[in-house]
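Worksheet: the structure to be examined is printed underneath.
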Amino acid sequence: MSTTSTDGVTTSSGTDAYGNTYTTSVSKEGLQSEDFIQLMLTELSLQDPTNPVDSSSMLDSQMRLSTLEANMATVDAMESFSESFQQSALSNAASLIGNIVENGEIDDQGNPKQYQIASVEGSDGDIYLTAHQITGFYDIYSFEETSSASDSLDSANEDDTLTITDANGDTHEVSTYGKTYEEVAQELNAMDGITANMVENGDGNYQLSVYVSGGGSSISSTGIDLGYTTNSITTYAEEAENLPYTNITKIY
């Protein structure tokens, strides 16, 4: 038996009782169908004319090799497509950072849970969003400064009022007639969804600050001109959650 090696293909051959040479084994990592055809032609040129090799069997083996190569190429293409798809999905998910989303869950008040996205990550082919649940929306009304919380609002008409309308359209009204800032704050603070207090600033002056839960509110006054500024804030849960990207149902 002899062994030869050409272009990385190692061929072992033997000699039969009639002196004919035949191949006993072939080895090459990544053997291609072209290599098999070359081996088949070599085998045919060396066969015994009185005992020819079954060509149909050789062709069948070549077809099997071609099918195997096609299947392997398909697997490689699918793996490449899968990696490309995951990268594209991760890139799309990254555009959600900073956005508000819903995932179909309901909170204790029966409202859809809302989250703000902080980051995204891929894990084992899945994409997860790191998010903080929104715990509340507030409108903040900061009124003009006064030297003392006990200062009067200078409201001289019995019909003078301060009215806050919340996001549901409900109105909350207090009379300002003969009231101090502190008294108005106490009355507002006793109403559902409203927090009011007198805040001392760095200059030693005071401001009436009114927080309206839910956002989307408005404020008005009659008989007295009260100057104020408006701001809106959103509060979030301190602990972050991991949300599956596929569970997102709504994006703001």
Side-chain angles (χ1 to χ4, degrees), residues 96-118 131-241 243 248-252:
L96 294 181
I97 294 176
N99 284 58
I100 306 300
V101 302
E102 295 179 7
N103 66 346
E105 295 183 2
I106 304 299
D107 62 21
D108 295 337
Q109 286 73 44
N111 300 314
K113 289 185 177 180
Q114 296 180 326
Y115 301 83
Q116 185 174 53
I117 307 304
H132 293 268
Q133 183 181 350
I134 294 175
T135 56
F137 297 96
Y138 295 89
D139 289 332
I140 305 176
Y141 299 95
S142 299
F143 290 83
E144 293 179 345
E145 295 182 4
T146 183
S147 60
S148 172
S150 59
D151 284 348
S152 172
L153 274 71
D154 296 328
S155 178
N157 192 313
E158 293 184 357
D159 296 329
D160 292 349
T161 59
L162 177 66
T163 303
I164 296 174
T165 304
D166 61 25
N168 297 321
D170 298 327
T171 58
H172 308 270
E173 183 179 281
V174 296
S175 171
T176 57
Y177 173 65
K179 301 285 182 63
T180 66
Y181 283 93
E182 183 65 35
E183 288 171 338
V184 170
Q186 291 174 355
E187 290 188 30
L188 289 173
N189 202 44
M191 298 179 177
D192 291 338
I194 298 179
T195 301
N197 49 55
M198 295 300 295
V199 180
E200 184 178 7
N201 60 27
D203 296 329
N205 293 325
Y206 290 82
Q207 278 184 291
L208 171 61
S209 294
V210 180
Y211 296 75
V212 183
S213 178
S217 66
S218 62
I219 193 168
S220 62
S221 61
T222 58
I224 183 174
D225 185 18
L226 294 174
Y228 61 87
T229 59
T230 306
N231 288 292
S232 297
I233 63 171
T234 304
T235 57
Y236 304 90
E238 185 174 343
E239 185 175 352
E241 299 181 38
L243 309 179
I248 300 306
T249 59
K250 190 171 183 179
I251 303 171
Y252 295 88

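All residue numbers in this chain count up from 1 along the given sequence.
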Residues Asn205 and Ser147: side-chain donor-acceptor under 3.5 angstrom: no

Polar contact flag, side-chain donor to acceptor under 3.5 angstrom, Ser217-Tyr141: yes

Contact summary for Ser175 and Val184, nearest pair of heavy atoms: O-CG2, 4.5 Å

Approximate separation, where rounding is to 0.5 Å, of Ile134 CD1 and Tyr236 OH: 5.0 Å

Separation between OG1 of Thr176 and CG of Asp159, rounded to the nearest 0.5 Å: 10.0 Å

From CD1 (Ile100) to OG1 (Thr234), nearest 0.5 Å: 6.5 Å

Straight-line distance of Gln116 CD to Ile97 CD1, nearest 0.5 Å: 11.0 Å

Sub-4.5 Å side-chain heavy-atom contact between Met191 and Val174: yes

Close side-chain approach of Glu173 to Thr171, heavy-atom, < 4.5 Å: no

Separation of Ser152 OG from Tyr177 OH (nearest 0.5 Å): 10.5 Å

Met198 versus Ala185, closest heavy-atom pair with distance: CG-CB, 4.5 Å

Any donor-acceptor N/O pair, Asp166 side chain to Asn168 backbone, under 3.5 Å: yes

For the student: nearest non-hydrogen atoms of His172 and Asp192, plus distance: CE1-O, 3.8 Å

Residue among Val199, Asn201, Thr229 satisfying side-chain contact (heavy atoms from CB on, under 4.5 Å) with Ser142: Thr229

Non-hydrogen side-chain atoms of Asn189 and Asn197 separated by less than 4.5 Å: no

Considering all heavy atoms, the nearest Ala167-Gly214 contact: CB-O, 4.4 Å

Straight-line distance of Asp154 CG to Lys179 NZ, nearest 0.5 Å: 14.5 Å

pair Leu162-Phe143: side-chain heavy atoms closer than 4.5 Å: yes

Flag, side chain of Thr249 to backbone of Glu102, donor-acceptor distance under 3.5 Å: yes

Stepwise side chain to side chain donor-acceptor pair (under 3.5 Å) check, Thr222 with Thr161: CA-CA 5 Å; Thr222 58; Thr161 59; 2.8 Å; yes

Any donor-acceptor pair under 3.5 Å from Asn99 side chain to Tyr252 backbone: yes

Atom CG of Asp225: over 12 foreign heavy atoms under 6.0 Å: no

Heavy-atom pair with the smallest gap, counting every atom of Ala237 and Thr135: N-CG2, 3.6 Å

Closest non-hydrogen atom pair, Leu243 against Ala131: CD1-CB, 3.9 Å

